[in-house]
Each structure stands twice: as C-alpha cells, then as structure tokens.
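Any value given below was found using the heavy atoms of this structure, including those in side chains, with hydrogens, waters and symmetry copies removed.
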Amino acid sequence: MTALQWHEHLAIVPVLLPLATAALLLLIGEQRRALKGTVALGSLALLLGAALMLVLRADAAPMVYRLGDWPAPFGIVLVADRLSAAMVLLAAVLGFAVVLFSLGRWDRASPHFHSLLQVLLMGVNGSFLTGDLFNLFVFFEVFLAASYGLALHGSGAARVQASLHYIVINLTASLLFLVGAAVLYGVTGTLNFADLAVRISALPAGERGLLEAGAAILGIAFVVKAGMWPLCFWLPRTYGAASAPAAAIFAILTKVGVYAVLRTSLLFFGEVGGESAGFGREWLLVGGVLTLTFGVIGVFGAQELSRLAGFSLLVSAGTLLAAVGSGQPAVSAAALYYLIASTLGVAVFFLLIELVERGRGFGADVLALTAETFGGFEAEQEEVVGVAIPALWALLGISFICCALLLAGLPPLPGFIAKIALLDALLEAAPVRPLAWIMLALLMFSGLATVVAASRTGMRIFWVPERQNPPPVRPVELASIVLLLAATAGLTLQAGPVMRYLDEAARALHAPQGYVHGVLRP
C-alpha cells in the first residue's frame with residue numbers, strides 16, 4: 001500500500017484505533033494493570049499522531065472517506081475538514097493526559113477503566129468525523145454508554161446518585177434525538193449532512209413548518225449535551241462527583257454538543273438554507289447568554305473547587321452557544337479558539353483539584369471559612385511569622401494560579417487571547433446588538449467572578465499554616481498536569497497560526513458549498 005493510500009484511510013483511524021484498543025484491553029486481565037496502562041498509553045500516542053496528520057492535511061477541500069466505497073448519500077461517509085480535525089486533536093490530547101494521570105491510582109478504582117475510555121474516545125471522534133445524522137446518533141450513544149460507566153468509576157453514594165440523574169437526562173435527550181432525526185428524514189428523505197443541506201434549501205414552503213419542528217427537537221437534544229440553561233442543572237453536580245480523570249475527559253463531551261449545534265445549524269440553516277436561513281439563531285443567542293449568566297452566578301458563589309470547575313464549564317458552554325447564535329464568521333473563529341483553550345483549562349483544573357484536595361477531610365473549606373470569619377482558639381494562641389513551602393506544594397500552587405488565569409481569561413494564557421478576539425469580533429458588527437452588549441459585559445464579569453472565587457478557595461488551601469505537607473503525588477500525575485499546561489502555553493505562543501487555521505475553518509463553516517460539493521461529488 002502506497003503512502004497516498006495510507007493517507008486516504010487516515011480519516012477512519014481515530015475511530016478504528018480506539019475500538020481495536022478497547023477490544024484488546026478487554027482480553028488483558030485486570031491483574032496485569034501495568035500492561036493495560038502501557039497499551040492504552042501507546043494507543044493514545046498513535047491517536048495523537050494520527051490527529052496531527054489530519055490537522056496538517058486539512059485544507060479547503062474536506063477529506064471524505066467512503067465506507068465500502070459507496071458514494072454519498074447512499075453510503076456512510078466520514079468527513080475530515082479543518083474543524084473536525086482540530087476537534088479530534090483536542091480529544092487526543094485530553095485522552096493522552098487523562099490516561100497518563102490515571103496510571104497513578106485511578107485506573108485501579110474499578111475494572112475496565114481503560115476500555116471505557118477508549119470506547120468514549122471512539123464515540124467522540126466518530127461524532128466529529130461523521131457525515132450523516134444517523135451515525136451521529138450512533139456515535140453519541142457509544143460515547144454516552146461509555147460515559148455512564150466512567151461516571152460511576154470509583155463508586156461512592158454521591159457518585160451513584162449524580163450518575164443516575166446524568167443517565168436519565170441523557171436517555172431523554174437521546175429519545176429527542178431520534179424523534180428529531182425521524183422527522184427530518186420524513187420531510188427530506190435523507191440523513192446525509194450534505195444531502196440534507198441541498199434538499200432543505202429546495203424544500204417547498206408548505207413543508208418547512210414540519211422541518212423546523214424536527215430541527216428544533218433535534219436542537220434540544222444537542223443543547224442538553226452542550227449544557228444550555230435551563231437544561232444544565234445536572235452538570236456541576238455530576239462532573240463534581242465524578243472521579244478526576246472522568247471529569248477531565250467529560251470536559252470535551254459538552255463540546256460535542258456545541259460542535260453538533262455549530263455544524264448542523266450552519267450547514268442546514270446557513271447561507272444555503274433557503275427560506276429557513278438563520279432558523280434558531282436567536283434562540284441560541286438568548287440561551288447562550290442565559291447559560292453564561294447562570295454560570296457566572298455559580299462561579300461567584302462556588303465554595304468548592306469541583307463546583308467552581310463545573311460552573312466554569314457552563315460559562316464556556318454559554319459563551320460558545322451565544323457565539324454560534326451571533327452568526328458571524330469572525331465570532332465563530334474566536335469562539336473555536338476559546339473552545340480549545342477553555343476545554344484544556346477545565347480539564348487540567350479537574351485533575352489538579354484531585355491532587356490539592358487529596359487527603360483533605362470532608363467540609364474542610366467550610367471549617368476554614370468559619371475560622372476566617374469567627375476566629376478560633378489556635379489563632380489566639382500564636383502568630384505565625386513565616387512558613388516554609390515544600391517544592392511540590394509550590395508547584396501545585398503555581399499550577400492552580402495558571403488554571404485560575406486561564407479560566408478567568410487573564411494574560412498571558414490563551415483564555416485572554418480568546419476573550420479579546422471574541423470582544424473584537426462582537427464589536428466589529430454595526431450596529432452592536434443589545435444581546436451582544438450583554439454578552440460582552442458577562443464575559444468581563446465572568447473573569448472577575450473566577451478571580452474572586454479562585455482566590456477565595458485558593459487561599460484556604462495554599463495559605464494555611466497547618467497544611468505544610470504536600471499530598472502524595474506520583475510523577476505521572478504531575479506529568480499530565482504539566483502536559484496540559486504546556487499545551488495551553490503552546491496555544492499562546494502559536495496564537496497567530498492557530499487563529500488563522502481556525503479562521504479558515506470558520507469561513508468554511510459559514511460557506512458550506514465546499515463541504516457539500518466535496519461529499520456529494522462522484
């Protein structure tokens with residue numbers, strides 16, 4: 001097989017590689033954990049390489065992989081364009097860091113952790129690469145089924161209760177997904193994305209009401225996964241109760257919902273949408289602003305680090321949904337950069353929380369707050385002049401500061417660049433819409449809320465004389481933290497090339513004729 005033929009099959013590697021690895025890991029006994037960890041890490045390294053090759057090969061014409069060599073819309077197709085390649089790379093980076101972190105202790109908390117993680121990555125990558133609505137549903141169900149097992153990883157009453165809520169909500173969303181897809185198929189006679197775009201633009205006016213009803217039902221299923229208010233109350237509790245590696249990889253699951261909204265809304269109801277062009281855009285903008293408001297309030301009032309991370313995820317989801325609703329290519333490009341930066345930031349924050357809180361008793365933050373407010377016997381007995389800080393504890397503190405700066409959108413990390421790009425793109429529109437002004441104000445206030453919440457909680461953890469001994473941390477756990485922080489630093493140093501790449505991806509999304517032609521060409 002020539003090199004060209006290998007490249008032609010590159011689009012299916014992110015789906016087949018995790019599937020084959022998951023099957024192989026099931027054949028290895030749980031007592032051979034070192035071997036299972038090595039296989040899983042090696043597979044993620046290969047996936048990372050394949051994702052990098054996809055990004056480097058992505059250009060104006062999408063890479064279309066026809067399974068069984070059947071042409072669209074009759075056969076199943078995978079489509080790798082700039083956006084899907086970037087999302088697959090993001091998933092590979094997160095997966096590699098999570099597997100590395102889990103080798104410290106979490107892969108032994110319950111059986112089949114590595115297999116479940118590989119299946120989840122298969123479903124996530126398939127969702128980014130699929131070219132038809134039915135297989136998007138299939139891949140959604142694949143990664144959701146794996147996420148149910150990962151949400152329960154490590155046992156515990158709170159984890160089981162939160163996971164049951166998570167399962168019920170997502171099963172309901174899956175039912176809505178099926179109903180919406182069935183309505184769209186009944187109206188158009190196809191489920192292929194490119195073919196749907198062509199048929200929707202030519203649909204008679206009498207059938208558009210049913211089409212838009214089906215699209216609205218489908219959209220509800222997507223925004224449930226994305227975490228839009230008021231369908232997001234489950235998210236902070238579920239993610240906060242999950243184990244650290246599970247919560248970190250779950251950070252990308254909300255972005256799958258955002259990706260689905262972005263892909264389908266601009267493909268079906270963008271420039272080629274005919275009379276339905278722009279359908280649902282106002283609802284996305286309003287819902288995104290409300291989600292952003294709810295997330296900012298939650299961040300400001302968070303007393304626990306896990307809830308702070310969960311509400312930060314809602315802030316990013318609201319920002320992204322509102323950006324999609326704005327309908328501007330420049331805003332979409334800035335939002336894609338913000339998507340990558342915020343996902344990496346929330347993921348590393350979930351991992352870091354587990355390290356800094358390791359060994360802390362239940363209610364430690366509440367007791368610290370009480371001592372700060374009312375004082376205590378120990379405070380009256382002695383005055384601490386200075387405390388030596390161990391090197392490991394200092395490293396965790398520096399990492400915590402980096403996470404806080406990243407989530408707050410402060411320099412020099414990419415969160416600041418992303419927010420500046422969003423503000424600039426929103427202000428370019430003439431005139432600036434009232435909801436855009438509200439979004440601008442909330443973006444700035446979200447940074448202040450994150451700084452206040454992170455400073456308040458960070459001082460209780462790192463600025464307490466009694467806590468001089470650092471928690472037991474293994475090198476692989478620190479390596480995963482450093483890896484993700486290095487990735488965010490790379491986003492800052494390469495902000496120019498990354499923004500140019502994402503700007504081209506956004507322009508292709510808003511002008512999907514190239515996507516449609518690439519998929520449907522003979």
Side-chain angles (χ1 to χ4, degrees), residues 86 89-91 93-94 96-98 101 236 239 244 247-252 254-255 258 292 295-296 298-300 302 305-320 323 334-356 394-423 442-459 461-462 478-495 498-499 502:
L89 178 59
L90 177 61
V93 171
L94 283 184
F96 187 87
V98 166
F101 185 90
Y239 284 35
I249 199 64
F250 284 1
I252 201 172
T254 56
K255 305 309 183 290
V258 173
L292 181 54
V296 169
V299 165
F300 197 77
L305 287 177
S306 59
R307 292 188 66 81
L308 174 58
F311 281 109
S312 297
L313 198 58
L314 290 182
V315 168
S316 69
T319 303
L320 293 168
L336 292 177
Y337 188 89
Y338 177 82
L339 183 154
I340 297 172
S342 62
T343 303
L344 291 173
V346 172
V348 70
F349 197 36
F350 273 120
L351 297 180
L352 186 63
I353 288 169
E354 202 279 326
L355 297 184
V356 300
L395 179 60
L396 294 177
I398 293 172
S399 301
F400 183 87
I401 293 172
C402 291
C403 289
L405 293 176
L406 181 58
L407 296 177
L410 296 178
L413 294 177
F416 174 74
I417 299 174
K419 284 193 175 183
I420 290 297
L422 277 170
L423 296 176
L442 287 171
L443 273 176
M444 291 185 285
F445 187 70
S446 68
L448 174 63
T450 303
V451 169
V452 171
S455 300
R456 179 179 60 215
T457 311
M459 282 190 293
I461 297 174
F462 296 100
L478 277 180
S480 65
I481 301 290
V482 172
L483 170 65
L484 290 178
L485 290 177
T488 62
L491 273 180
T492 303
L493 296 175
Q494 298 297 319
V498 173
M499 282 298 298
L502 296 176

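Between the side chain of T254 and the backbone N or O of A251, at least one donor-acceptor pair lies under 3.5 Å. Side-chain atoms of Y239 never come within 3.5 Å of backbone atoms of A309 as a donor-acceptor pair (strictly under, hydrogens ignored). Remark: the backbone N or O of G298 is not paired with any side-chain donor or acceptor of R307 at under 3.5 angstrom. S342 places a side-chain N or O within donor-acceptor distance of the main-chain N or O of L339, the cut-off being under 3.5 Å.
Across T319, L407, V315, V299, a single residue satisfies side chain to side chain contact (heavy atoms under 4.5 Å, CB included) together with S446, and that is V315.
If you take CG on L405 and CZ on F416, they are separated by 11.5 Å, rounding to the nearest 0.5 Å. Note that CG of L336 is 8.5 Å distant from CE of M499, once rounded to the nearest 0.5 Å. Summarising the geometry, atom CG belonging to L396 is positioned 12.5 Å from atom CD1 belonging to I353; distances are rounded to the nearest 0.5 Å. Residue F400 holds its CZ atom at 14.0 Å from CG of L395, rounded to the nearest 0.5 Å. Distance CD1/I398 to SG/C402: 7.5 Å, rounded to 0.5 Å.
Residues S316 and T343 are not in side-chain contact: their nearest non-hydrogen atoms beyond the backbone lie 4.5 Å or more apart.
In plain terms, the two heavy atoms of L313 and K255 that are nearest each other are CD1-NZ, 3.5 Å. Between L406 and A341 the shortest heavy-atom distance is CD2-O, 4.0 Å. Considering all non-hydrogen atoms of both residues, L351 and A248 come closest at CD2-CB, 3.7 Å. A404 and T450 get closest at one heavy-atom pair: O-CG2, 4.1 Å. The shortest heavy-atom contact between L422 and A335 is CD2-N, 3.8 Å. For L443 against L292, the heavy-atom pair with the smallest separation is N-CD2, 4.3 Å.
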I340 vs L502, side chain to side chain contact (heavy atoms under 4.5 Å, CB included): CA-CA, chis, key distance, verdict = CA-CA 11 Å; I340 297 172; L502 296 176; 4.1 Å; yes

Yes or no on side chain to side chain contact (heavy atoms under 4.5 Å, CB included) for L484 and L94, after CA distance, side-chain angles and deciding distance?
-> CA-CA 8 Å; L484 290 178; L94 283 184; 4.1 Å; yes

Does the pair F101 and L355 meet the rule for a side chain to side chain contact (heavy atoms under 4.5 Å, CB included), with working shown?
-> CA-CA 10 Å; F101 185 90; L355 297 184; 3.9 Å; yes

Report the C-alpha distance between L344 and L491 in whole Å, list the side-chain angles of each, state the deciding distance to 0.1 Å, and finish with yes or no for side chain to side chain contact (heavy atoms under 4.5 Å, CB included).
-> CA-CA 10 Å; L344 291 173; L491 273 180; 4.0 Å; yes

